[in-house]
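See below for the structure under consideration.
Below, chains carry the letters A, B, ... as their sequence lines are ordered, and counting in each starts from 1.
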2 protein chains.
Amino acid sequence: MASIKDVAAEAGVSVATVSRVLNDHPSVSADARTRVLAAVQALGYRPNAVARSLRTDQTRTLGLVISDVLNPYFTKLARSVEEAARALGYSVIIGNADERPDLQDHHVRTLLDRRIDGLLVSPTDGGSPGMLDAARGGTPMVFVDRWIAGVDVPVVRADGRAAVRDLVAHLHGLGHRRLAIIAGPAATTTGSERVEAFREAMAEYGIPLPDAYIGQGDFQAESGRRVTEGFLDLAEPPEVVFAADNLMALGALDAIRARGMRVPDDIALAAFDDIPWFVHTDPPITAIAQPTGELGRAAVRALVDRIEGRPPQSVTLPARLVVRRSCGESPVTNRSQS
Amino acid sequence: MASIKDVAAEAGVSVATVSRVLNDHPSVSADARTRVLAAVQALGYRPNAVARSLRTDQTRTLGLVISDVLNPYFTKLARSVEEAARALGYSVIIGNADERPDLQDHHVRTLLDRRIDGLLVSPTDGGSPGMLDAARGGTPMVFVDRWIAGVDVPVVRADGRAAVRDLVAHLHGLGHRRLAIIAGPAATTTGSERVEAFREAMAEYGIPLPDAYIGQGDFQAESGRRVTEGFLDLAEPPEVVFAADNLMALGALDAIRARGMRVPDDIALAAFDDIPWFVHTDPPITAIAQPTGELGRAAVRALVDRIEGRPPQSVTLPARLVVRRSCGESPVTNRSQS
DNA sequence: CCTCCTCGTGGAATCGATTACACGAGGGAT
DNA sequence: ATCCCTCGTGTAATCGATTCCACGAGGAGG
């Protein structure tokens with residue numbers, strides 16, 4: 001592959017001049033410029049990004065470490081991050097942590113070894129050692145979706161509190177009183193916050209949230225299935241199951257179907273994170289939608305601000321309730337209303 | 001960040017010795033080794049992958065350019081590729097072409113600029129200029145899922161021919177005779193092959209495939225909707241719609257629902273590419289499943305073989321039919337059987 | 001006509017690693 | 001005792017860019 005030296009030779013100038021043309025530095029004569037450009041064309045020369053990065057100490061690359069690429073929410077997030085980054089002249093390298101701290105660490109280290117300019121992380125757990133090192137080590141970093149308390153890093157996320165309250169209001173209005181939740185891992189902020197919001201909203205309606213109605217999931221479909229089976233085995237099973245992410249909702253749906261029960265007639269279902277498929281499930285699923293695209297864009301903006309020396313901003317965007325048919329349609333009265 | 005010089009100084013040896021320890025070269029005394037290791041530990045030194053790549057002319061990175069990350073089929077493919085690559089000590093940079101040749105070109109060029117060791121591509125169209133240059137330029141390359149005729153690059157893909165025949169047999173057995181297909185872009189191999197396979201299988205049953213029953217889609221949901229509406233507007237609409245990918249099936253489902261029609265009672269639906277959500281749609285959708293994970297692994301294997309100087313192998317794996325309920329359940333006879 | 005500035009250019013240092021080559025010390029064979 | 005080989009180590013070249021500095025030419029101003 002042709003190097004800058006070959007171009008210089010071909011154009012009859014020094015490498016310095018070639019470099020100047022390529023980075024359109026002002027002091028290059030028109031003549032030299034055309035000769036260099038012609039040589040570049042003739043040789044099909046493309047600058048070696050590796051060499052350039054070594055010298056300039058910047059790669060124009062962002063790292064994105066997410067918990068699970070197979071989760072449509074994160075896929076969409078990754079896509080909007082890549083788009084926003086590209087618009088700003090950055091590339092993105094995605095690392096999939098699969099909800100495993102060790103894998104998260106592997107990716108963070110690999111990305112750091114590659115000297116990425118900045119890191120976007122949706123931390124899998126309370127913070128793997130490598131991640132904390134990176135944060136303290138001064139690597140420009142922004143948390144997205146989830147974050148770690150006590151680490152001084154900007155956070156870009158959605159606040160689902162209001163939407164969860166809307167959901168509980170909706171469920172209450174439909175006459176449901178026994179509400180259960182499939183929670184995410186307590187070590188993740190999204191895992192614990194969603195339970196908290198749910199509990200608080202229920203408290204507003206004077207509905208208790210017994211421990212038996214809090215199932216511990218891990219944001220994967222299989223855990224949704226397992227937890228839901230547990231709920232259905234209870235002497236007094238819940239009337240509603242609220243899954244803290246879309247994959248666990250999928251698992252819940254499986255479990256419910258396996259019992260030959262129907263949604264929403266026998267049991268209602270709602271989920272955090274809205275995805276295109278929820279429109280087409282049987283029945284369409286009521287969900288809390290995050291502004292995923294905007295989240296990705298805001299995260300990139302914050303990170304690039306930080307990289308380029310401007311003060312980065314934490315951003316919190318509201319999520320909103322999308323009512324479909326999985327919680328019942330008409331105001332049904334299961335029990336006497338007060 | 002600490003460099004190899006700092007480590008050398010700290011350990012009281014030369015940089016050459018440090019490098020030898022790091023790459024566990026045999027001729028280093030035990031004493032020097034322990035001193036270097038201690039210095040590495042003390043400084044939290046991590047080798048600069050950029051510098052190393054410049055010198056060794058290899059990045060231990062693979063590029064993967066796919067057509068659409070939001071398509072679960074490609075997401076899954078990307079994931080299995082990353083896993084397989086990681087197992088072999090390679091990282092993967094994913095480029096999302098969004099079915100756009102210009103974006104595909106952008107990613108190929110960016111990846112080449114970064115001097116990735118090899119490229120995995122699922123070409124969006126007949127072959128963007130940059131991609132063809134890369135192929136001819138000797139960059140190790142493997143096509144996955146789709147390929148380009150006349151370019152000498154190994155191909156790893158699934159053959160759906162037999163599964164399509166099984167599907168047509170299934171539909172025929174259910175009494176369906178008017179079968180329509182939503183095709184993918186003719187410029188992609190998967191786009192044209194699936195139509196061909198469908199046509200041939202129908203010919204075996206003596207069923208014609210009129211042009212009116214071949215709709216031109218682009219592998220995106222919206223095109224599935226549009227084409228399906230066209231089918232439904234025909235004087236004699238088809239009894240079955242077969243979508244050449246999962247997103248177009250989603251669009252088809254939308255269009256059918258919008259007319260207030262029901263699947264499979266009013267019209268049957270089947271899709272190429274099986275995804276987890278198809279189990280949960282209303283009704284569950286009959287689909288042709290590709291061995292996606294195995295495809296990703298085989299592609300990485302072929303590419304790494306090529307990179308490391310072993311002869312790479314093209315691989316073709318069979319797809320298989322997964323019957324669900326979207327084409328009708330019991331053998332219904334709509335018209336007299338011959 | 002001389003001086004000073006500006007402009008275009010090239011030489012060479014530099015980034016952080018790997019690695020060919022040289023060299024000295026020590027041990028075994030003769 | 002001499003020679004030779006092996007082993008451990010260091011010096012320095014190298015990868016492909018960017019960029020500081022020096023230098024010569026040419027124009028403007030006195």
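- For Val28(B), the side-chain atoms get nearest to dT9(D) when compared with the rest of dT9(D), dG16(C), dG10(C).
- Distance from the side chain of Arg20(A) is smallest for dT9(C) among the nucleotides dT9(C), dT18(C), dG8(D).
- Residues Ser314(A) and Val155(A) approach most closely at OG-N, 3.0 Å, considering heavy atoms.
- Here the nucleotide nearest the side chain of Ala16(B), chosen from dG10(C), dT19(C), dG16(C), is dT19(C).
- Across all strands shown, Ala49(A) has no heavy atoms under 4.0 Å from either base or sugar-phosphate atoms.
- Here dC15(C) is the nucleotide among dG10(D), dC15(C), dT18(C) with the atom lying nearest to any side-chain atom of Lys5(B).
- For the pair Leu22(A) and Pro26(B), both in contact range of DNA chain D, the more 5′-proximal nearest nucleotide belongs to Pro26(B).
- Within 4.0 Å (heavy atoms only), Val18(A) reaches no atom of the nucleic acid at all.
- When heavy atoms are screened at a 4.0 angstrom cut-off, Ser27(B) is found touching base atoms of the nucleic acid.
- Taking a 6.0 Å sphere around CG of Asp31(A), one finds it holds more than 12 heavy atoms contributed by other residues, nucleotides or ligands.
- When each of dA17(D), dA12(D), dT18(D) is scored by its nearest atom to the side-chain atoms of Ser19(A), the top-ranked nucleotide is dT18(D).
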Scan the side chains in residues 41-51 of chain A for donor-acceptor partners under 3.5 Å anywhere in the protein, sequence neighbours excluded, and list what turns up.
| from | atom 1 | to | atom 2 | distance (Å) |
| --- | --- | --- | --- | --- |
| Arg46(A) | NH1 | Asp113(B) | OD1 | 3.3 |
| Arg46(A) | NH1 | Asp113(B) | OD2 | 3.0 |
| Asn48(A) | OD1 | Val50(A) | N | 2.8 |
| Asn48(A) | OD1 | Ala51(A) | N | 3.2 |

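- Closest to the Ser29(B) side chain, of the nucleotides dG16(C), dT9(D), dG11(C), is dT9(D).
- Between Asn48(A) and dC15(D) there is no side-chain N or O to OP1 or OP2 distance below 4.0 Å.
- Here the nucleotide nearest the side chain of Arg55(B), chosen from dA17(D), dT14(D), dT18(D), is dT14(D).
- One finds no side-chain N or O of Ser3(A) lying less than 4.0 angstrom from the OP1 or OP2 phosphate oxygen of dC15(D).
- Counting non-hydrogen atoms under 4.0 angstrom, Asp57(A) reaches nothing in the nucleic acid.
- Within the helix from dC1(C)-dG30(D) to dT30(C)-dA1(D), the inter-axis angle between the opening and closing five-pair segments is 50°, rounded to 10°.
- No donor-acceptor contact under 3.5 Å links the side chain of Arg52(A) to the base of dT18(D).
- Between dG16(C), dT18(D), dG8(C), one nucleotide has an atom nearer to the side chain of Thr56(A) than all others, and that is dT18(D).
- Side-chain contact check for Thr189(B) and Arg157(B): no donor-acceptor pair (N or O, by modelled atom type) lies under 3.5 Å.
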